[in-house]
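Input: a single structure, listed below in structure tokens.
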Number of protein chains: 2
Amino acid sequence: MSERRPRKDAVRNRAAVLAAADRLFARCESPETVTMADIAEAAGVGKGTLFRAFGDRTGLIQALYAERLEPVRNAVEEGPPPLGPAAPPLERVPALLDALLCFKLDNRHLALALEETGSDSPYQAAHYERWHSTLQAVLERIPGLTDSAFTAHALLAATRADLVEHLVGHQHLPREQLRAHLAAFTARILQPSTASD
Amino acid sequence: MSERRPRKDAVRNRAAVLAAADRLFARCESPETVTMADIAEAAGVGKGTLFRAFGDRTGLIQALYAERLEPVRNAVEEGPPPLGPAAPPLERVPALLDALLCFKLDNRHLALALEETGSDSPYQAAHYERWHSTLQAVLERIPGLTDSAFTAHALLAATRADLVEHLVGHQHLPREQLRAHLAAFTARILQPSTASD
DNA sequence: GTACGATGCGGACCGTGGGTCCGTTTCGTT
DNA sequence: AACGAAACGGACCCACGGTCCGCATCGTAC
């Protein structure tokens, strides 16, 4: 069984490609202006190498995204409160959303690239599924909140990369203000329902 | 000055193209599987005609979308309550969102095509700007609701075409249930804030 | 150190699809 | 009927994602 470990040059090239891709996506306005050939050239490798290592464009972007997301994922899954699992739901939900928002703010170019790359929708991406199920599970523990699945989708939708880009990139909404808005929005959702009687 | 009216054949062809495009988008799974050449052929015109009439792919889809949206837009801008301007804000907001959601449910293929077509983001599209400013204006009249601009964005994000497609198309969530979820979500946002003290 | 698979490399090559160009046709006006 | 303007159509162009395969490099066995 067991995988044989990859050759040294393969490892080096893989890293070079990821670094180059990150650099290029960060530099350019729209991710679609960065072609695979550009990335290969910037990394100093051939196109074939790049496709061999990542399969296709989506694979490359996902790999890059996953790498960057890892610390956050870690903090969410086994870190201390308020992000980690031990936090009480009413604190953890805003913390999760804020963490996700901050990540997207810090990696706008990547998040944009990922969301606009999929054949369709970010809803296929494994990352999304993960965030959604985590968030949904936490929401479920909040009394009075029904529809936790939809609520999770709707809250996550408020942090979508293209919206963030629109607000911060095009309309120059300051980062802190966006965070505050999202926090306020979340708080409204979480506040105990005064539903009918 | 004044524009000279277009030739008859141009009008006929334009209509034929719109009809063909609508048919094709409706039939196929993913809008990206429908090529411009396909549309031209289905409409019985040459590719040049198609591009002359609509400029580019985005233009064609926008034109189609606009045509379909028109009745809704009309109802919003000058129709009777609860959709029209005369409705009290607390009723009009859910009505607006429900109308938009229903439109996207009824025109999933189109909405998807539009959102995934833009060079980037639906936030450039004129239609979005319109919905946003309408919704924001209504939200503004609700006491205790700050951040009306962001709130409008966040609520609209909950109706995004790819999310709708994910829920209804892939997960087979029934239409009425999705409407109910969105209504409940909206109600939570609109409910008077018990904010601190 | 050398020999020799296996693994990886690279860039020429291919197919596809959006968009353009221009000789030809159709319109509508005089 | 005739003529200029407007529109047509499909051959053509090119950028880009993805493939292929002869060649280089790695690491292991001796």
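- Rounded to whole Å, atom C1' of C:dC14 lies 10 Å from atom NZ of A:K47.
- For B:R160, the side chain to side chain donor-acceptor pair (under 3.5 Å) partners two or more places apart in sequence, or in a different chain, are A:D162, B:Y123.
- Checked against C:dG10, C:dT26, C:dG11, the side chain of A:V45 finds its nearest nucleotide in C:dG10.
- The separation between B:R5 atom CZ and C:dT29 atom C1' is 11 Å, rounded to whole Å.
- In this structure, A:Y65 has its ring center under 6.0 Å from that of A:F103.
- DNA chain C is contacted by both B:F51 and A:R52; A:R52 maps to the nucleotide lying nearer its 5′ end (nearest heavy atom per residue).
- Between the CD atom of B:E41 and the P atom of C:dG18 there is a distance of 14 Å, rounded to whole Å.
- Rounding to whole angstrom units, CG of residue B:L50 and C1' of C:dT20 are separated by 13 Å.
- If you measure from atom CG of A:D38 to atom C1' of C:dG11, you get 15 Å, rounded to the nearest angstrom.
- In this entry the distance linking CD1 of B:I61 with C1' of C:dG17 reads 14 Å, nearest Å.
- With rounding to whole Å, B:R57 atom CZ is found 10 Å from C:dG17 atom P.
- Contact between the side-chain N/O atoms of A:T49 and the OP1/OP2 oxygens of C:dG8 is not found at any separation under 4.0 Å.
- Among the nucleotides C:dG18, C:dG8, C:dC27, the one closest to any side-chain atom of B:R7 is C:dC27.
- A side-chain donor-acceptor contact under 3.5 Å links B:R188 to the backbone of A:I189.
- Read 5' to 3', the first and last nucleotides of DNA chain D with an atom closer than 4.0 Å to a heavy atom of chain B are D:dA5 to D:dG10.
- Ring geometry for A:F150 versus B:F185: interplanar angle over 60°, hence perpendicular rather than tilted (30 to 60°).
- Put simply, the side chain of B:T186 gets close to the backbone of B:L182: a donor and an acceptor are under 3.5 Å apart.
- Across all strands, A:T35 comes closer than 4.0 Å only to sugar-phosphate atoms, never to a base (heavy-atom distances).
- Comparing B:D9 and B:T33 by the nucleotide of DNA chain C that holds the closest heavy atom to each, the one mapping nearer the 5' end is B:T33.
- The ring of B:H181 has its center no closer than 6.0 angstrom to the ring center of A:H153.
- When rounded to the nearest whole Å, the span between CG of B:N13 and C1' of C:dC27 equals 13 Å.
- Looking at B:R175 and B:V168, their side chains never come closer than 4.5 Å, going by heavy atoms from C-beta outward.
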